[in-house]
Amino acid sequence: MFGEHILHGGDYNPDQWLDHPEVLEEDVRLMKEANVNCVSLGIFAWAALEPEEGKYDFDWMERIIDRLGEDEIQVVLATPSGAMPHWLTQKYPEAMQVQADGKRNLPGKRHNFCYTSPVMRKKIHAIDSALSERFGRKKNVILWHLSNELGGNFADSSCHCELCQEAFRDWLKEKYGTLDNLNRAYWSSFWSHTYSDWSQLHSPAPHGETTMTALTLDWKRFVTHQMSEFTREEIAAVREHSDLPVTTNFMYFFKGLDYGKMRDDLDIISWDNYPFWHKTKDEVPAAVKAAANHNIMRSLKKQPFLLMESTPSSVSWREFNPVKRPGMHMLSSMQAVAHGSDSVQYFQWRKGRGAFEQFHGAVVGHKNGSNTRTFRQVTELGERLNRLSGLIDGTVNRPKAAVIFDWENWWALEDASGPRQDISYIDCILEHYQAMWEAGIDTDFINMDDSLEGYSFVTAPLNYMYKPGYAEKVRKFVEDGGIFATTYFSGIADDTDLCFTGHHPLADVLGIEQEEIDAPSEEFPNSFCYGDKTYAAGNLRELIHAAEGTEVVSVYEEDYVKGEPVVTAHSFGKGKAWYLAAAAGEDFLRVFYKDRLREAGLENALGAELPYGVTVTERVGDGGKEIVFVMNFRDETVKFPAAGSWTDAESGQKYGGTLEIGPFGCIVLKRD
């Protein structure tokens, strides 16, 4: 934490109000009233900071920073590359992105810069360095916020200009060395697409090559590489005159960039969280998805992260945009802290009067100042975060369970042509994670490059791709006593999307052999029995064979695969590996993971059977500090038995044997 308190505040855009000084003064007064202690400045302020090329106007920014400092409000200072001023795009159109179809973008929107463009890199370096020199040692400036939501919220926000094409070819040359190596990796003899010159390689395009999956996979890797290079140049610029830590705000299950590859350049992980609360009356799916994303961000560095953006009320871009019902702002904010965040920040502090986000939620609306429900809820949260700061200082979640979640696997799996065209990696990941969330078992999300040391249980749903060295890592994990589970359509291809031949890379560990995979329609139902209940087999079903010594726990009950294995277990070394040959619903996964967690010796901090909608996380620190968060995502009061005796860390209330939590409630406990 910064200054031993949880950061509370949000994106502040005073450059939109420079002709209204009375508004700026009112903002500081209202920030103090709302218990705001930190704001993010300058995120989209390039035009105000550099109104003409090479002519900087930083005086207004300095006045704002100093005024905030007078009231002990800290500043996260942004670099402005998220949105380019019109003078830049008019004079240097080559700084704008080219789409996959070859058309160069027109000026406007956000994230429109070419990350390869020398002009763009030169211009952003100049202003970043100037900002660093002017503000990098200001007392109340605590962190650099690089750009904004790199890559944007678009299906393909990469640049396909000629500069990027040449950089892509250079990247491929460095990776493969020779065209022979590349052609072998790409299986390019298919359809006679063998490359005979590096210049023939081009990014995937709708009017060109889109069917060579290894090319598509490498292009996505290259985009992350190139964006990382751009980010490193921004870091170098702000570090010319400042030693402040750096972050950039990641996004919600963002497919466009591999955050696992970008984490090492950042001192702190931060992200923007916008769950779809109240999409239905059952809030559990939204809670599970938000929790998974919090865990991903915490797991990237195994340390506390920052919630850089959230909405204090509603968003504006969905088909319908409900405001947060009473209690949900407190609960969703506490959820972030419970999963490892040391901040609750908002987009935005004050609503703009016009343009695209004029109706996006804000702490201060267009009318009524502090006399709004949203403002009162933010104020109440700020008071609570002040009380919690000392309790969670020096703590973070340290799970013993992990989910393998890997961006490159995501890309390769969903680009594969078969066995279904509607495979969703994220949906599968969330279905498996929900079972652990419901059990109150905190979970890391790690990629195939990460270590498995320290975990008792690891699950790898739809682990289609195996990176080099990954199988050996899993083999050692199980051999040393770990419990490992994986599923159908796993261990299929290597890191260039070439299918493995012969055996599954972990055949000896799993004790199975894959033969074929079926993707039937709903007209071909099947089922299997696990424990004393029968469950439906889903729309992906493998035919596998159990090796000698493998326990067949469940078999198909119908169709041509009747009697063939569905659930298997195989002891290997000191541990055990489980295989699920068919997709299955939450009713099965809930029971299956309950058994696996028990097998791994894991239980939630309360030692309790949790009612639906209730979950538990634990932040731990040195010296035995344990802070337990119990969250109720139901709009009704729940009571349930809990082992041991507990004290409410905020109120001092004692709990013995039974816990009671109100609608959308969160209690923070210390073990007696």
Name all residues meeting the side chain to side chain contact (heavy atoms under 4.5 Å, CB included) criterion together with Trp187; count only those two or more places apart in sequence or in a different chain, and write none if there are none.
Phe190, Leu498
Relative to each other, are the rings of Trp410 and Trp407 parallel, tilted or perpendicular (30° and 60° limits)?
tilted
Cut-off 3.5 Å, no hydrogens considered: what does the side-chain donor-acceptor table look like for residues 476-487, sequence neighbours left out?
| residue | atom | partner | partner atom | Å |
| --- | --- | --- | --- | --- |
| Lys476 | NZ | Asp480 | OD2 | 2.7 |
| Thr486 | OG1 | Ala460 | O | 2.8 |
| Thr486 | OG1 | Ser490 | OG | 3.3 |
| Thr487 | OG1 | Leu462 | N | 2.8 |

Distance, nearest 0.5 Å, that separates CG of Asn249 from CG of Asn273
12.5 Å
Run the side chain to side chain donor-acceptor pair (under 3.5 Å) test against Asp282 and tell me which residues pass, sequence neighbours left out.
Tyr612
Under 3.5 Å, sequence neighbours excluded: what are the donor-acceptor pairs made by side chains of residues 529-540?
| residue | atom | partner | partner atom | Å |
| --- | --- | --- | --- | --- |
| Tyr530 | OH | Asp595 | OD2 | 2.7 |
| Tyr530 | OH | Arg596 | NH1 | 3.1 |

Less than 6.0 angstrom separating the ring centers of Tyr252 and Phe276, yes or no?
no
Answer yes or no: are there more than 12 heavy-atom neighbours, outside Lys400 itself, under 6.0 Å from its atom NZ?
no
Where the side chain of Asn293 meets the backbone of Lys289, is there a donor-acceptor pair that is under 3.5 Å apart?
yes
Which residues pass the side chain to side chain donor-acceptor pair (under 3.5 Å) test with Arg298, not counting sequence neighbours?
Asn295, Asp444
Quick one: list whatever passes side chain to side chain donor-acceptor pair (under 3.5 Å) with Gln653, sequence neighbours left out.
none
Arg325 to Phe664, cation-pi by 6.0 Å centre distance and 45° axis angle
no
Can you name the ring-ring contact (aromatic ring centres under 6.0 Å, His included) partners of Trp646, sequence neighbours left out?
none
Pair Asp449, Lys467 - check salt bridge (charged side-chain N to carboxylate O under 4.0 Å, His left out), show working.
CA-CA 8 Å; Asp449 299 315; Lys467 292 181 177 178; 3.0 Å; yes
Taking atom NZ of Lys670 as the centre, does the number of heavy atoms from other residues, nucleotides or ligands within less than 6.0 Å exceed 12?
no
Examine the side chains of Tyr464 and Asp406 and answer whether a donor and an acceptor come within less than 3.5 Å of each other.
no
Would you say that more than 12 heavy atoms from the other residues, nucleotides or ligands in this model lie under 6.0 Å from the CD of Glu453, or not?
no
Identify the two heavy atoms, one from Pro461 and one from Ile404, that lie closest to each other, and give their separation to 0.1 Å.
CD-O, 4.4 Å
Which heavy atom in Gly440 sits nearest to a heavy atom in Thr615, and how many Å separate them?
CA-OG1, 3.7 Å
Donor-acceptor contact below 3.5 Å, side chain Asn604 vs main chain Ala439:
yes
According to side chain to side chain contact (heavy atoms under 4.5 Å, CB included), who are the partners of Thr211, at least two apart in sequence or on a separate chain?
Trp191, Glu209
Only counting residues at least two apart or in another chain, list the ones meeting side chain to side chain donor-acceptor pair (under 3.5 Å) with Gln434.
Glu438
Quick one: do Arg541 and Glu564 satisfy salt bridge (charged side-chain N to carboxylate O under 4.0 Å, His left out)? Show the steps, please.
CA-CA 11 Å; Arg541 305 168 195 161; Glu564 298 293 346; over 6 Å; no
If you count the non-hydrogen atoms of other residues, nucleotides and ligands that lie under 6.0 Å from NZ in Lys279, is the total more than 12?
no
Quick one: does Lys324's side chain have a donor or acceptor within less than 3.5 Å of a partner on Thr311's backbone?
yes
Check ring-ring contact (aromatic ring centres under 6.0 Å, His included) between Phe524 and all other residues, then give those that pass, not counting sequence neighbours.
none
Any side-chain heavy atom of His504 within less than 4.5 Å of one from Tyr466?
yes
Assert yes or no for the condition that the ring centre distance of Phe588 to Phe528 is strictly below 6.0 Å.
yes
Looking only at atom types and distance, does a side-chain atom of Ser341 sit under 3.5 Å from a main-chain N or O of Leu307, one as donor and one as acceptor?
yes
Taking Met465's backbone N and O only, do any of them form a donor-acceptor pair with Asn463's side chain (distance below 3.5 Å, no angle check)?
yes
What orientation do Phe250 and Tyr259 show, parallel under 30°, tilted 30 to 60°, or perpendicular over 60°?
parallel
For the pair Asp450 and Lys302, find out whether any cationic side-chain nitrogen is under 4.0 Å from an anionic carboxylate oxygen.
no
Run the side-chain donor-acceptor check on residues 637-644: report pairs under 3.5 Å with partners two or more places apart or on a different chain.
none

Quick one: are the ring centres of His339 and Phe305 less than 6.0 Å apart?
no
Per the side-chain hydrogen bond (donor to acceptor under 3.5 Å, both in side chains) rule, what does the pair list look like for residues 542-553, sequence neighbours excluded?
Gln514-Glu542, Glu515-His545, Glu542-Tyr579
